[in-house]
J.: 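Here it is, the structure, as structure tokens.
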Number of protein chains: 2
Amino acid sequence: MTEQPGRRERKKAATRQKIADTALRLFAEHGYDAVGIREVAAEADVAVTTLFSHFSSKEALVFEQDEDFEQRLVRAVTDRRPDEALIPALRREIHAMVRHCTADGAAPLWRMIEESPALRQYEEAMRQRHARSLATAIAADLGLPQITPTCGAVARFVVDAFSVARETDDPQAAVDEVFRMIEAAWAVAGATPPPRESVAV
Amino acid sequence: MTEQPGRRERKKAATRQKIADTALRLFAEHGYDAVGIREVAAEADVAVTTLFSHFSSKEALVFEQDEDFEQRLVRAVTDRRPDEALIPALRREIHAMVRHCTADGAAPLWRMIEESPALRQYEEAMRQRHARSLATAIAADLGLPQITPTCGAVARFVVDAFSVARETDDPQAAVDEVFRMIEAAWAVAGATPPPRESVAV
DNA sequence: TTTCAAAACACTAACCGTTAGTGCTATGGT
DNA sequence: ACCATAGCACTAACGGTTAGTGTTTTGAAA
């Protein structure tokens, strides 16, 4: 019933944070590939198994904000002002996320990600999960019983906007450019009446 | 100068094929996770290192048609009839690919892929590579010196169409549905004059 | 044909991420 | 004060992947 985390959970969070900090520091110092899991665990003074009880993989150490991103996308749909349309709300959120990732302190981290195939692959898979969650949220927002191709597509388009923007030298402008396309795509999809039955017999 | 492959390359191709066939057979019989690389190599009567000289990873054994897919997407752009527009050409190709993957014989293979997280992740990363190649081809087709956000986005949208369609029970209809959105997105993008300068100073 | 360099192939042994199994210890609630 | 829970630790192993090294095959030059 305690709304605030107890001592136990605080300790757990501290351990998690210590592991993440240690890992990012070592990765920054020697490179992602050059640092082994055993080194991270030793430096953070925890057992390897403890590390894996907090993070599901080595790559997950780098994408600590995974669930954060996911929830921000979903909340951009569910928690938006009632008078705000779907796509503009998502555009604002993607803009904020891109700004967050291109901030001064975060630059080296994202450079490291770009340089590691393993991390790039993990990131893409992560975005796909996020797109799934977003698609579910969008379907719910429209009162649909389940994800339709249109929902799935627009959710993917939105996360694509992030990925495409990250590969350009003017990310904010790229987001606007891609969202102009998404807006048009969404208008066409919305024009078609709610799909009578998306599930076959 | 020999246009046709010599004995050497025929043998190499044969070895590759034998490995792939053996792997797919064992995976189908016992499941992807239950079969180890060493078993595949032993059953195909090659060394483990030989296997990895033909395939870059265990997952690559399943996606043997990787480069095939990539080339089909690119050729759909470059080799289309001069009077055919870009998006319809890509729609035809995606339709064909979906048909190919939902054909009778291929069904168990794709079910196996869906059930393995590792394979799903590999597939997503693969599609991302394909989107990159497609984006380059589209940019070239438009006479652009390099990939613009619009090119990158539309390429991703197209491969998204494939992924979204595969998750529905009427893939062909889903492809049409998503491509209606892509068509609209593309029309808006095309309306904006060729970006004056996509690269910052 | 003979010869030669390249490339495919093989083998061992290891590295690294990840997990099962087991048990200890601290914590929070009763 | 006590107990069930869960965080944490340790060992040992599994499975994918690669480095290092040497052998055989092959295509073509001499």
Side-chain angles (χ1 to χ4, degrees), chain A residues 1-20 22-24 26-27 30-64 116-123 125-126, chain B residues 1-20 22-24 26-27 30-64 116-123 125-126:
Chain A
M1 274 297 182
T2 59
E3 292 299 328
Q4 58 182 350
R7 190 171 305 147
R8 189 181 210 151
E9 299 176 22
R10 257 182 285 130
K11 275 194 138 184
K12 181 175 181 179
T15 300
R16 180 192 165 91
Q17 197 59 44
K18 185 177 182 183
I19 294 173
T22 304
L24 288 179
L26 291 181
F27 291 160
H30 309 105
Y32 178 76
D33 291 324
V35 179
I37 284 289
R38 289 163 179 83
E39 294 175 56
V40 175
E43 185 81 10
D45 200 31
V46 296
V48 174
T49 48
T50 300
L51 188 154
F52 277 107
S53 74
H54 285 277
F55 299 91
S56 61
S57 69
K58 185 186 182 184
E59 292 88 37
L61 286 167
V62 175
F63 293 97
E64 208 199 343
S116 164
L119 288 175
R120 289 195 65 87
Q121 174 160 349
Y122 184 89
E123 185 186 359
M126 183 183 79
Chain B
M1 276 294 184
T2 59
E3 293 299 327
Q4 59 182 349
R7 188 171 307 146
R8 188 181 211 152
E9 299 177 24
R10 257 181 286 131
K11 274 196 139 183
K12 181 176 181 179
T15 300
R16 180 192 165 91
Q17 196 61 42
K18 185 177 182 182
I19 295 172
T22 304
L24 288 179
L26 291 181
F27 291 159
H30 309 105
Y32 178 75
D33 292 323
V35 178
I37 284 289
R38 291 163 178 85
E39 295 174 56
V40 175
E43 184 80 10
D45 201 30
V46 296
V48 174
T49 48
T50 301
L51 187 154
F52 276 108
S53 73
H54 285 277
F55 299 91
S56 60
S57 69
K58 185 186 181 185
E59 292 89 40
L61 285 167
V62 174
F63 294 97
E64 207 200 343
S116 165
L119 289 175
R120 289 195 66 88
Q121 175 161 349
Y122 184 90
E123 185 186 1
M126 181 182 81

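Each chain gets a letter, A, B and so on, in the order the sequences are listed, and its residues count up from 1. What you see is a predicted model; the values in this text were computed from it and never measured.
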J.: Base, sugar-phosphate or nothing for B/S57? Non-hydrogen atoms, less than 4.0 Å.
T.: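 Sugar-phosphate contact only - B/S57 comes under 4.0 Å of backbone atoms but never of a base.
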J.: If you write DNA chain C from 5' to 3' in dot-bracket form, with Watson-Crick or G-U pairs under 3.5 Å, [ ] for crossing pairs and | for pairs with another strand, what do you get?
T.: ||||||||||||||||||||||||||||||
J.: Would you tabulate the pairs of protein nitrogen or oxygen atoms and nucleotide nitrogen or oxygen atoms of nucleotides 11-14 of chain C closer than 3.5 angstrom?
T.:
residue, atom, partner, partner atom, Å
C/dC11, N4, B/T49, OG1, 2.9
C/dA14, N6, B/R38, NH2, 3.4

J.: What is the distance from CD1 of A/I19 to C1' of C/dG17, rounded to the nearest Å?
T.: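 In whole Å, C/dG17 C1' lies 16 Å from A/I19 CD1.
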J.: Does any non-hydrogen side-chain atom of A/L24 lie less than 4.5 Å from one of A/L61?
T.: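 Contact flag for A/L61/A/L24 side chains = no.
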J.: Roughly, in whole Å, what's the span from CZ in A/R16 to P in D/dC8?
T.: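 Rounded to the whole Å, the gap is 12 Å.
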J.: Can you list every pair that meets ring-ring contact (aromatic ring centres under 6.0 Å, His included) and has a residue in residues 31-60 of chain B, with sequence neighbours left out?
T.: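 Sorted pair list: B/F27-B/Y32.
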J.: Once you round it to whole Å, what is the distance between P of C/dG17 and OH of A/Y122?
T.: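 Nearest whole value for this atom pair: 15 Å.
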J.: Measure CZ/B/F52 against P/D/dT18 and give the value in whole Å, please.
T.: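 The distance from CZ of B/F52 to P of D/dT18 comes to 6 Å, rounded to the nearest Å.
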J.: What are the two closest non-hydrogen atoms of B/Y122 and A/Q121, and how far apart are they?
T.: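 It is CA-NE2, 3.9 Å.
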J.: Measuring to OP1 and OP2 of D/dC8, would you say a side-chain N or O of A/H54 lies under 4.0 angstrom away?
T.: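 It does, given that an N or O in the side chain of A/H54 lies less than 4.0 Å from OP1 or OP2 of D/dC8.
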J.: Whole Å only: how far is the CG atom of A/L51 from the P atom of D/dC10?
T.: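 Taking CG of A/L51 and P of D/dC10, I get 13 Å after rounding.
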J.: Whole Å only: how far is the NZ atom of B/K58 from the C1' atom of C/dT18?
T.: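 Roughly 14 Å, once rounded to whole Å.
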J.: Please output the side-chain donor-acceptor pairs of residues 35-50 of chain B that fall under 3.5 Å, not counting sequence neighbours, one pair per line with the distance.
T.:
residue, atom, partner, partner atom, Å
B/E39, OE2, B/G36, N, 3.2
B/E43, OE2, B/R25, NH2, 3.2

J.: A/Q17: what forms a side-chain hydrogen bond (donor to acceptor under 3.5 Å, both in side chains) with it, not counting sequence neighbours?
T.: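 Checked A/Q17 against side-chain hydrogen bond (donor to acceptor under 3.5 Å, both in side chains); matches are A/D21.
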J.: Mind checking salt bridge (charged side-chain N to carboxylate O under 4.0 Å, His left out) for B/E59 and listing every partner two or more places apart, or none if nothing turns up?
T.: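 Here no residue qualifies.
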J.: Rounded to the nearest Å, what distance is computed from the CD atom of residue A/E59 to the P atom of nucleotide C/dC16?
T.: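 Rounded to the whole Å, the gap is 15 Å.
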J.: Report the distance from atom CZ of A/F63 to atom CD of A/E123, rounding to the nearest 0.5 Å.
T.: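 Answer rounded to 0.5 Å: 4.5 Å.
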J.: Using a heavy-atom cut-off of under 4.0 Å over every strand shown, decide if A/V40 touches base, sugar-phosphate, or nothing.
T.: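 The answer is nothing, as A/V40 stays clear of every strand by at least 4.0 Å.
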J.: Which is true for A/D33 with a 4.0 Å heavy-atom rule: it touches a base, it touches only sugar-phosphate, or it touches nothing?
T.: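 Since no nucleic acid heavy atom lies under 4.0 Å of A/D33, the category is nothing.
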J.: Specify the separation, in whole Å, of atom NZ of B/K18 and atom P of C/dA8.
T.: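 It is 18 Å, rounded to the nearest whole Å.
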J.: Got a second to check how far A/S53's OG is from A/R16's CZ, nearest 0.5 Å?
T.: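 The CZ atom of A/R16 is 10.0 Å from OG of A/S53, to the nearest 0.5 Å.
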